[in-house]
Amino acid sequence: MVKVGIYGATGYMGAEALRILLQHPQVEVVWATSRDGEEALNYHKNFYKRGIQFTKPEEVSGKDCDVVFFSTPTGLAAEMGSKFLHEGSRIIDFGADFRLKDQATWEEVYGRKHPNWELAKQAVYGINELHKEAIVNTKVVANPGCFSSSAILALAPLIKENLIDCDKIIVDGMSGTAGAGVDLDFALHHPQMHNNILPYNVVNHRHSYEIEQELMGICNEKVNINFTSYYVPISRGILSACHCFPVEHVTRQSLLELYNEFYKDSYFIKVIDIPENKDCAWNYMPYPWVSSVVSTNFCHIGLSVDEKRNRIVVFSVLDSIGKGGAQVGVQNMNLIMGLDEREGLENYGLYPY
Ligand SMILES: NC(=O)C1=CN([C@@H]2O[C@H](COP(=O)(O)OP(=O)(O)OC[C@H]3O[C@@H](n4cnc5c(N)ncnc54)[C@H](OP(=O)(O)O)[C@@H]3O)[C@@H](O)[C@H]2O)C=CC1
Ligand SMILES: CC(=O)N[C@@H](CCC(=O)OP(=O)(O)O)C(=O)O
């Protein structure tokens with residue numbers, strides 16, 4: 001059995017990691033922390049009468065674990081990670097401590113000095129569709145941001161084949177409010193948000209840097225991501241609409257073939273290749289729906305091409321705390337521990353959601 005600890009289990013990502021790992025056939029959850037050391041049901045009603053007790057952070061050790069998940073605000077994994085590594089565990093950080101490869105950029109984006117850059121240098125960026133081999137061999141995984149996963153997976157095949165103008169890529173990321181974590185913010189209060197759509201962090205979102213870094217790693221040239229984020233009145237889930245401009249003639253069919261080939265070994269990526277029906281006024285079936293991936297580790301990708309105006313639009317949907325968060329962390333754990341990457345993650349989405 002793989003022994004795991006979850007550092008920061010009272011939040012949304014911690015709760016999701018706990019839910020998935022408690023059902024994982026090859027995993028024993030050795031500890032999960034909250035600073036008050038209370039019973040889990042005080043936070044998560046889905047664990048009612050399951051006898052799950054949180055442990056205080058100062059009482060846990062990496063000696064008991066093969067893997068420790070950090071499900072804490074950015075900064076803590078960098079401060080605490082070395083302790084767990086020295087005690088013999090690997091670490092997977094759900095936060096942003098280890099995602100960027102350049103220290104000066106990290107410090108500019110996060111507005112503080114990095115607590116442990118030596119540790120950050122050991123980390124592999126946890127998009128397993130791009131970095132599987134490196135993940136298998138690392139002790140430190142930087143789990144990607146939720147918008148980043150969605151945009152990188154949507155754009156990687158086009159970038160790899162040099163099919164688009166890398167200077168002009170527009171990504172609109174629409175997210176449910178669980179992406180903001182458990183703490184309440186004025187804009188996320190139910191009366192503000194339940195019947196609303198609102199843009200936030202409209203330029204220079206911190207995920208732009210991760211997306212650019214990873215896409216530049218594929219094509220070795222400058223990539224500009226013009227990213228804008230929106231809250232939409234759902235709980236879990238993200239839809240990224242990525243608009244790009246082809247540098248040679250492409251068709252929807254040629255791109256679907258490219259995407260199917262690119263992701264042929266990636267079980268959790270499903271390319272929606274349903275034919276478009278030009279006679280249908282409401283032609284929505286050929287494109288991915290957020291509801292299909294909520295609660296899962298799947299990412300669905302679909303696309304269309306406006307051949308008249310020379311535009312490609314790629315849609316990618318995932319659950320911000322599933323494939324965009326805790327579940328992809330479990331997929332990375334499976335890889336590190338030599339398990340089948342699908343183990344514990346095979347659930348279908350909800351229908352209806
Ligand atoms: N929500 C999402 O969709 C995504 C989130 N992420 C990232 O994952 C991480 C967790 O996110 P999320 O669950 O949403 O956040 P939440 O705010 O919901 O939860 C934060 C957790 O961190 C714990 N914590 C906070 N400060 C400390 C501390 N000083 N010492 C120990 N524990 C502490 C809290 O525990 P306590 O009860 O003890 O306060 C709580 O369990 C963040 O870095 C976030 O940016 C990444 C991808 C997607
Ligand atoms: C909907 C929402 O608020 N999303 C968060 C990103 C969630 C995430 O991935 O956060 P980290 O990069 O901090 O890990 C945001 O836009 O800031």
Side-chain angles (χ1 to χ4, degrees), residues 5-19 31-40 42-44 54-60 68-80 83 92-100 106 109-110 115 125-127 141-152 171-185 187-188 193 197-211 227-240 290 294-295 318-329 332:
I6 304 171
Y7 201 90
T10 64
Y12 289 155
M13 291 276 280
E16 180 71 351
L18 196 52
R19 182 177 79 85
W31 48 257
T33 75
S34 73
R35 282 177 289 180
D36 61 11
E38 291 285 337
E39 241 187 290
N42 286 358
Y43 291 94
H44 310 313
F54 287 143
T55 310
K56 291 189 176 176
E58 56 273 22
E59 293 167 12
V60 301
V68 170
F69 292 93
F70 275 94
S71 186
T72 43
T74 290
L76 222 78
E79 280 166 30
M80 301 286 303
K83 166 187 145 56
I92 297 178
D93 178 29
F94 292 157
D97 298 25
F98 310 129
R99 291 181 194 156
L100 298 180
W106 194 95
V109 171
Y110 291 95
Y125 192 79
I127 294 260
V141 173
N143 237 44
C146 48
F147 285 121
S148 316
S149 292
S150 165
I152 293 164
V171 179
D172 284 320
M174 287 149 257
S175 173
T177 50
V182 76
D183 286 339
L184 195 55
D185 181 86
L188 302 177
M193 196 53 235
I197 296 178
L198 60 94
Y200 71 100
N201 280 354
V202 294
V203 295
N204 206 28
H205 190 288
R206 61 192 190 282
H207 287 183
S208 316
Y209 295 86
E210 290 173 42
I211 302 168
F227 177 72
T228 296
S229 45
Y230 305 80
Y231 283 126
V232 295
I234 58 174
S235 162
R236 305 166 63 129
I238 283 181
L239 181 147
S240 290
V290 168
V294 166
S295 85
L318 49 72
D319 182 335
S320 56
I321 47 183
K323 181 65 170 166
Q327 295 200 35
V328 79
N332 288 331

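Counting starts at 1 for both ligands and their atoms, in listed order.
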Lys56 side chain near Thr33 side chain, heavy-atom distance below 4.5 Å: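 Counting from C-beta outward, Lys56 and Thr33 never come under 4.5 Å.
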Do the side chains of Ile234 and Val290 get nearer than 4.5 Å, heavy atoms only?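 Counting from C-beta outward, Val290 and Ile234 do come under 4.5 Å.
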Counting the benzene-type ring for Trp, do Tyr230 and Tyr200 have ring centres under 6.0 Å apart?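 For Tyr230 and Tyr200, the ring centres are not under 6.0 Å apart.
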Would you say the rings of Phe147 and His205 are close, in the sense that their centroids are separated by under 6.0 Å?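 Here the rings of Phe147 and His205 have centres that are less than 6.0 Å from each other.
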[X] side-chain N/O to [Y] backbone N/O, donor-acceptor pair under 3.5 Å:
{"X": "Gln327", "Y": "Glu16", "result": "no"}
{"X": "Trp31", "Y": "Glu59", "result": "no"}
{"X": "Arg99", "Y": "Asn143", "result": "yes"}

How does Ala96 reach ligand 2, by side chain, by backbone, by both or by neither, if only non-hydrogen atoms under 4.0 Å count?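 For Ala96, no heavy atom sits under 4.0 Å from ligand 2.
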Between Tyr231 and ligand 2, find which residue part has any heavy-atom pair under 4.0 Å and reply side chain, backbone, both or neither.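 Under 4.0 Å from ligand 2, Tyr231 contributes side-chain atoms alone.
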Which residue owns the protein heavy atom closest to [atom], what's the atom, and how far is it?
{"atom": "atom 27 (C) of ligand 1", "value": "Arg35 CZ, 3.4 Å"}
{"atom": "atom 47 (C) of ligand 1", "value": "Gly324 O, 3.5 Å"}
{"atom": "atom 14 (O) of ligand 1", "value": "Gly181 CA, 3.2 Å"}
{"atom": "atom 13 (O) of ligand 1", "value": "Met13 N, 2.8 Å"}
{"atom": "atom 40 (C) of ligand 1", "value": "Thr10 OG1, 3.1 Å"}
{"atom": "atom 20 (C) of ligand 1", "value": "Ser71 O, 3.8 Å"}
{"atom": "atom 44 (C) of ligand 1", "value": "Phe94 O, 4.5 Å"}
{"atom": "atom 42 (C) of ligand 1", "value": "Thr72 O, 3.3 Å"}

Run the numbers for me: atoms of ligand 1, each under 4.0 Å from some heavy atom of [X], listed by number.
{"X": "Ile321", "answer": "1 (N), 2 (C), 3 (O)"}
{"X": "Ser34", "answer": "38 (O)"}
{"X": "Ser320", "answer": "3 (O), 48 (C)"}
{"X": "Tyr12", "answer": "13 (O), 18 (O)"}
{"X": "Gly95", "answer": "43 (O)"}
{"X": "Thr74", "answer": "43 (O)"}

Which of the ligand 2 atoms, numbered from 1, are nearer than 4.0 Å to a heavy atom of Phe147: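 Selected atoms, number and element: 4 (N), 16 (O).
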Does only the side chain of [X] get under 4.0 Å from ligand 1, or the backbone, or both, or neither? Count heavy atoms.
{"X": "Ala9", "value": "backbone"}
{"X": "Leu76", "value": "side chain"}
{"X": "Ala15", "value": "neither"}

Quick check: [X] and ligand 2, any N/O pair under 3.5 Å apart?
{"X": "Tyr200", "value": "yes"}
{"X": "Ser229", "value": "no"}
{"X": "Gly95", "value": "no"}
{"X": "His205", "value": "yes"}
{"X": "Glu210", "value": "no"}
{"X": "Asn201", "value": "no"}

Tell me whether Ala178 reaches ligand 2 (any heavy atom closer than 4.0 angstrom to a ligand atom).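 Ala178: no contact with ligand 2 (<4.0 Å).
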Below 4.0 Å from any atom of ligand 2, is there a heavy atom belonging to His207?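 Under 4.0 Å: yes for His207.
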Can Phe69 and Phe94 be said to form a ring pair (Phe, Tyr, Trp, His ring centres under 6.0 Å), step by step? CA-CA 7 Å; Phe69 292 93; Phe94 292 157; 5.7 Å; yes
Could any protein non-hydrogen atom be found less than 4.0 Å from atom 4 (C) of ligand 1?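 Yes, there is a protein heavy atom closer to it than 4.0 Å.
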For Asp93 and Tyr7, run side-chain hydrogen bond (donor to acceptor under 3.5 Å, both in side chains): C-alpha distance rounded to whole Å, both residues' side-chain angles, the deciding distance at 0.1 Å, then the answer. CA-CA 10 Å; Asp93 178 29; Tyr7 201 90; over 6 Å; no
Hey, does Ala178 sit under 4.0 Å from ligand 1 if you only count heavy atoms?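 In this structure, Ala178 qualifies as a contact of ligand 1 - some heavy atom is under 4.0 Å.
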Distance-only donor-acceptor check, side chains Asp185 and Tyr231, under 3.5 Å: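 The criterion, which ignores hydrogens and geometry beyond distance, is not satisfied for Tyr231 and Asp185.
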Residue selection (non-hydrogen contact nearest atom 4 (N) of ligand 2) among Gly179, Ser71, Gly181: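 Of the listed residues, Gly179 has the closest heavy atom.
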